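Reading through the C-alpha cells given below for one structure.
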Amino acid sequence: MSRLTFNRFADSLILVVAILAVWVGLHAYAGDSAISAPATTFAFAGRLLVQPSFWTHVAATMEAFALAFAISAAGGVALGLVLGVRRFAGDVAEPILGSLYTIPKVTLYPLMLLVFGLGMSAKVAFGVIHGVIPIMLFTIAAVRNIPPVLLRTARALRLAPVKTATSVLVPAAMPEVVTGLRVGFALTLLGVLIGEMFASQRGLGFLIINGINNHDVRMTTAVTLLVVIFAVAANSLLLAFDRRVHHG
Amino acid sequence: MPTRKAADAHAVLRGVTRIYPGGTPVHALGPIDLDLAQGEFFSVVGPSGCGKSTLLDVLSGLSPPTEGSVSFEGKTVAGQVPEGIGVVFQEDASLPWLTVRDNVAFGLRHAGTDSAEVDRRVSYAIGFMGLQDFTGAYPSQLSGGMRQRVCIARTLVLQPRLILLDEPFGALDQQTRLLMGDELLRLWRETDATVLLITHALDEAALLSDRVGVMSARPGRFIDLVETSWARERDSRIVSDPAFGTVTGRLWAALRPESMKAIGRPQP
Amino acid sequence: MNHGRRILWTRVAFIAGLVGLLEALCRLHVIKPLTMIAPSQMVQELIALAWSGELAEPALQTFIEVGASFLFSVTVGGALGAVVHALPRVRRTLDPLLASWYAVPFFVFYPLLVALLGLNVLPLIAIGVVFATPAMMLSTLAGLDRVPRVMHKVARVHRLSQLQEVRLITLPSAAPHLFTGLKLSFAYSFIGIIAGEFILSGGGLGYGISYAYESFETPKMYALMLFVLLIALVANGVLHVWDRRLARRRGLA
C-alpha cells in the first residue's frame with residue numbers, strides 16, 4: 001500500500017517536472033517577449049496574490065463565474081431531467097443540443113454583446129452558453145440510464161412518488177449528473193474568461209488580454225498560471241468527488 | 001471414419017501447475033496429470049474459481065504451465081495454439097462487425113485456404129449448426145444461444161481434432177442448454193474429434209461425457225474421475241435413465257465439500 | 001422507423017418554428033435591426049457574399065486550417081493513444097494531465113503560440129491540435145480498453161500475427177470509439193480554430209465575424225455567423241449519417 005502511494009507520488013512528481021521542463025524549454029526558445037521563466041512567474045504571481053487590487057479582479061471573475069455556474073447547473077439539470085423523463089421530447093432535442101455543443105460559441109459573442117451590452121450580464125451569459133448544454137446532455141443520459149428494475153422495485157415497495165424521486169431516482173442518476181456538472185464547471189469558467197477578455201474592464205480574463213495589449217508578458221503568464229492552477233485544482237476535487245459517487 | 005483406439009493418448013498433461021506471480025503468488029492449478037484418449041468426450045467440473053479455465057488455457061497453449069508439460073499428438077505445446085486445436089470460449093466471442101457467414105469463415109480466410117474450399121466448409125458448418133437462415137445477420141441481431149452456435153461453427157470449419165469448450169452454454173437457459181448439448185454430441189460423433197468440456201453444470205457433464213474429472217477447490221486438482229459408459233449414440237433423453245441419477249449423484253458427492261470450501265463454508 | 005420519422009419531423013418543425021418566430025420578431029422590429037437581422041436576410045446576405053467571391057478566401061483559409069488540425073490530431077492522437085495504452089506506467093502518470101486537460105482554458109495560450117510560431121496560420125492550427133488531440137487520444141484509449149479480453153484469445157487461437165490481430169480484431173473492435181474520436185477531433189479543431197481566428201485576428205471566418213462586428217457591418221456579420229453554423233450542422237449531419245451506417249453494419253440500427 002505504501003509502495004503504491006509512493007509510486008503515485010513519484011508519478012505526479014515526474015509529471016510536474018516534465019511540465020516545468022517543457023516550460024523552461026519554451027522560454028529558452030521563445031524568450032522573455034513570449035513567456036516569462038518559471039521562477040520569475042512564480043515570484044510575480046506571489047506578489048500578485050498579496051495585492052488588494054488583484055483580488056478585486058479575482059472577485060469580479062468569481063462573481064460572474066458563480067452566477068453563470070449556478071444558472072448553468074440549475075437550468076441544465078432541470079431541463080435535462082424533463083427531457084430525460086419525457087422520452088419523445090428528449091429524442092427530438094438531443095441531436096439539436098449535440099449540434100449546438102459543436103458550434104464555435106465565440107462566434108456568438110457579438111450577439112451576446114448586442115443583446116446584453118458590455119459588462120457583467122454578457123460575461124455571465126457567455127459562461128452559461130458554454131456550460132449549460134453539456135450539463136443537459138449528461139443529465140438526459142443519467143435519467144435514461146436508470147435501470148427500469150429500480151423503478152419497479154420502488155413500486156413493489158409502494159413508495160410514494162416524492163419518496164421514489166428522492167430515494168431512488170436522484171441517487172441513481174446522481175453519478176452521471178455529477179460528471180456533467182464537472183464538465184460544465186470547466187466550460188463555464190472557460191466561457192466567463194473569454195467573455196472577460198472582450199466584454200469587461202475587470203476580471204482575470206481582462207488582466208490577461210490587458211497584459212497582451214501592454215506587452216506585459218510577466219502579467220499574462222502569471223495570471224494564466226494562476227487560472228490554470230485554479231482550474232486544475234477545482235477539477236481534481238470534482239473528479240475525486242465524481243469517482244466517489246460513481247463507486248460509492 | 002478412422003478407427004479409434006481408446007488407449008491412444010491424444011493430449012497429455014504431466015505434473016502441470018499454474019502459479020500466477022505477483023505480490024502474493026496465486027497457486028491456481030495443479031499438479032495435474034491427465035491423458036485424453038483419442039476421440040473421447042471428457043468433461044471437467046469443479047467449484048467456481050478452482051482453475052477450470054486455467055486448465056483450458058494451459059492445454060490449448062494460450063498460457064504456459066508454470067511447471068510440468070503439455071503435449072498434443074505427441075508434440076509439446078509451447079508458446080502458441082497448435083494447429084488442430086479449436087477453442088470455444090465462455091464469453092461471447094463472435095465478431096460484432098462481421099455477418100454470421102463472415103464470422104464462420106474468419107479463421108479460414110486468414111489461413112490462406114482457397115475460396116472454393118472456404119465456401120464449401122463454411123456452408124457445411126452453417127448448415128450443421130442450423131444457421132442457414134441467418135447467414136447475413138449480425139451477432140447483435142441474434143440470441144446468446146445463436147451467437148454461441150456461430151462461435152462453434154467458426155471453430156468447426158477449421159476441422160479441429162481436439163475441441164476445447166469453456167462453459168460454452170453458461171449464459172443459456174436450461175432447455176436451450178440441453179438442446180445445445182445434443183448438438184455438441186452430434187458434432188462430436190460427426191467429426192470424430194476429442195472433446196474437452198468445462199462446465200459448472202453437473203447434469204450437463206453427466207449426460208454428455210464418457211469421463212468426468214471432478215476438480216477440487218483452488219488450487220484445482222482432480223479428486224475423482226467418473227466413467228459413464230454411455231453408448232456413443234446418445235442424447236439428452238439420457239436424463240430419464242436411472243444411471244444418469246447415479247452418475248450425477250456421485251459427481252455431487254465428490255464436489256459438495258469442495259463447493260462448500262469455495263463459498264467459504266468448510267464442513268465441520 | 002415510423003417512430004423515428006415522427007421524431008425527425010417534430011425536430012424539423014421545432015427548428016422551423018424557432019426560425020419563423022425569430023423572423024417575425026425581427027420583421028416586427030421587436031428585435032431591433034441593429035441587434036439582429038431577420039433569418040431570411042441572413043440567407044440573402046450570405047448568398048450575396050458568396051456570389052461576390054468575398055466568402056471564398058476566408059472560408060478556404062478556415063477549411064485548410066481545420067483540415068490540417070483534424071488530420072494531425074487524428075493520426076497523432078490515435079498513435080499516442082495506442083502507445084500509451086501499451087505502457088500502463090506512462091498512462092498512470094499522464095492520467096491527471098488528461099483528466100484536467102479540458103478544464104484548462106486554452107484560449108489564454110493563444111498569445112504564447114503566436115510568439116512561438118509567428119503570426120500566420122500555424123498558431124491557429126496549433127490551437128486546434130492542442131484542443132483536438134487529447135480527445136482522439138482519450139477515445140483511442142477508451143476503444144482499446146473496451147476490446148473484450150476474449151478477442152485477444154480468438155486471435156491467438158487463429159494463430160494471427162501481431163499485425164493481423166491489429167488489422168482484423170483490434171481496430172474493428174475499437175471502431176465505434178475511434179469514430180467518436182473522429183467526431184470530437186473535428187468539433188474541437190473547428191471550435192479552437194474559429195475562436196483563434198476571432199481572438200487573434202488571424203484571418204479566416206472567425207476574423208471575418210469579429211471584423212464585421214467592429215466595423216458595424218451587422219448584416220455581413222450575421223451572414224458569416226450563419227455560414228459557420230451551417231458548416232457545423234452539415235458536418236454533424238454527415239458524421240451522424242456515417243455513424244448510423246457504421247452501426248447498421250453491426251446490425252444495431
Side-chain angles (χ1 to χ4, degrees), chain A residues 7-8 10-12 14-15 18-19 26 29-31 33-35 88-89 91-93 95-96 98-111 113-115 182-183 185-187 189-190 193-194 197-198 205 208-209 211-212 217 220-221 223-224 227-228 231-232 234-236 238-239, chain C residues 3-4 6-8 10-11 14-15 32 34-36 89 92-97 99-100 102-112 114-116 183-184 186-188 190-196 198-199 205-206 209-210 212-214 218 221-222 224-225 228-229 232-233 235-237 240:
Chain A
N7 270 344
R8 287 256 166 87
D11 287 346
S12 317
I14 292 169
L15 186 62
I19 291 171
L26 285 178
Y29 173 76
S33 59
I35 181 172
F88 187 78
D91 283 342
V92 171
I96 301 178
S99 298
L100 287 178
Y101 182 61
T102 59
I103 294 175
K105 277 161 282 286
V106 184
T107 55
L108 299 179
Y109 150 82
L111 176 63
L113 277 193
L114 289 169
V115 175
R182 181 171 63 82
V183 174
F185 184 94
L187 287 171
L189 180 62
L190 181 93
L193 287 171
I194 297 175
M197 288 171 89
F198 299 94
I208 291 172
I209 202 81
I212 295 169
V217 176
T220 308
T221 316
V223 176
T224 303
V227 165
V228 168
V232 169
N235 184 63
S236 305
L238 288 168
L239 197 62
Chain C
H3 181 68
R6 213 156 62 93
I7 289 170
L8 183 67
T10 314
R11 193 182 299 141
F14 177 75
I15 294 171
K32 304 265 182 315
L34 273 177
T35 304
M36 186 186 258
R89 181 77 195 270
R92 219 159 8 106
T93 308
L94 286 179
D95 195 42
L97 184 71
S100 305
Y102 289 99
V104 175
F106 273 101
F107 298 92
V108 298
F109 290 122
Y110 277 104
L112 172 63
V114 173
L116 288 175
K183 282 198 280 196
L184 288 177
F186 175 79
Y188 288 168
F190 193 53
I191 291 176
I193 281 165
I194 295 276
F198 193 97
I199 294 172
L205 295 168
I209 294 172
S210 107
Y213 168 67
E214 273 158 21
T218 309
M221 178 185 92
Y222 278 110
L224 288 172
M225 280 165 72
V228 168
L229 191 73
L233 289 182
N236 264 314
H240 183 72

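As the structure is a computational prediction, the values presented were derived from the model and not from experiment. Side-chain atoms are counted along with the backbone in the values below, which use heavy atoms only and exclude waters and symmetry mates. The chains referred to below are lettered A, B, ... by the order of the sequence lines, with proteins before strands, and numbering in each begins at 1.
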*asked:* With a 4.5 angstrom heavy-atom cut-off, is it the side chain or the backbone of Leu184(C) that approaches chain A, or both, or neither?
replied: neither
_Thr102(A) OG1 to Lys183(C) NZ distance, which is reported to the nearest 0.5 Å_ = 10.5 Å
_Part of Leu26(A) within contact of chain C (heavy atom distance under 4.5 Å)_ = both
*asked:* With chain C as the partner, which of Leu189(A), Ile194(A), Leu187(A) has the greatest number of non-hydrogen pairs under 4.5 Å?
replied: Ile194(A)
*Region of Leu15(A) in contact with chain C, defined by heavy-atom distances below 4.5 Å*: both
_Heavy-atom cut-off 4.5 Å, strictly under: side chain, backbone, both or neither for Tyr222(C) against chain A?_
side chain
*With a 4.5 angstrom heavy-atom cut-off, could you sort out which part of Leu97(C) is near chain A: side chain, backbone, both or neither?*
both
*Using a cut-off of 6.0 Å, state whether more than 12 heavy atoms not belonging to Phe88(A) lie near its atom CZ.*
yes
*asked:* I'd like to check Ile15(C) versus Ile96(A) (side-chain heavy atoms, cut-off strictly below 4.5 Å). Are they in contact?
replied: yes
*Heavy-atom distance under 4.5 Å to chain C: side chain of Ser12(A), backbone, both or neither?*
neither
_Smallest separation among heavy atoms of Arg89(C) and Ile14(A), with atom names_ = NH2-CD1, 4.5 Å
*Could you tell me which portion of Leu229(C) (side chain, backbone, both or neither) has an atom closer than 4.5 angstrom to a non-hydrogen atom of chain A?*
side chain
*Which answer fits Leu100(A), side chain, backbone, both or neither, if we ask what part of it has an atom under 4.5 Å from a heavy atom of chain C?*
neither
*chain C contact via Phe185(A) - which portion, at a heavy-atom distance below 4.5 Å*: neither
*With respect to chain C, which residue among Val115(A), Leu238(A), Leu113(A) yields the maximal number of heavy-atom pairs within a distance under 4.5 Å?*
Leu113(A)
*Test: Arg11(C) and Asp91(A) ion pair at under 4.0 Å*: no
*Count the heavy-atom pairs under 4.5 Å between each of Ala186(A), Pro104(A), Ala231(A) and chain C, then report the option with the highest count.*
Pro104(A)
*Check each atom of Tyr213(C) against the heavy atoms of chain A and say whether the ones under 4.5 Å are side chain, backbone, both or neither.*
side chain
*asked:* For Leu239(A), which atoms come within 4.5 Å of any heavy atom of chain C: side chain, backbone, both, or neither?
replied: side chain
*Is Met36(C) close to Leu111(A) at the side-chain level, that is, under 4.5 Å between some pair of heavy atoms?*
yes
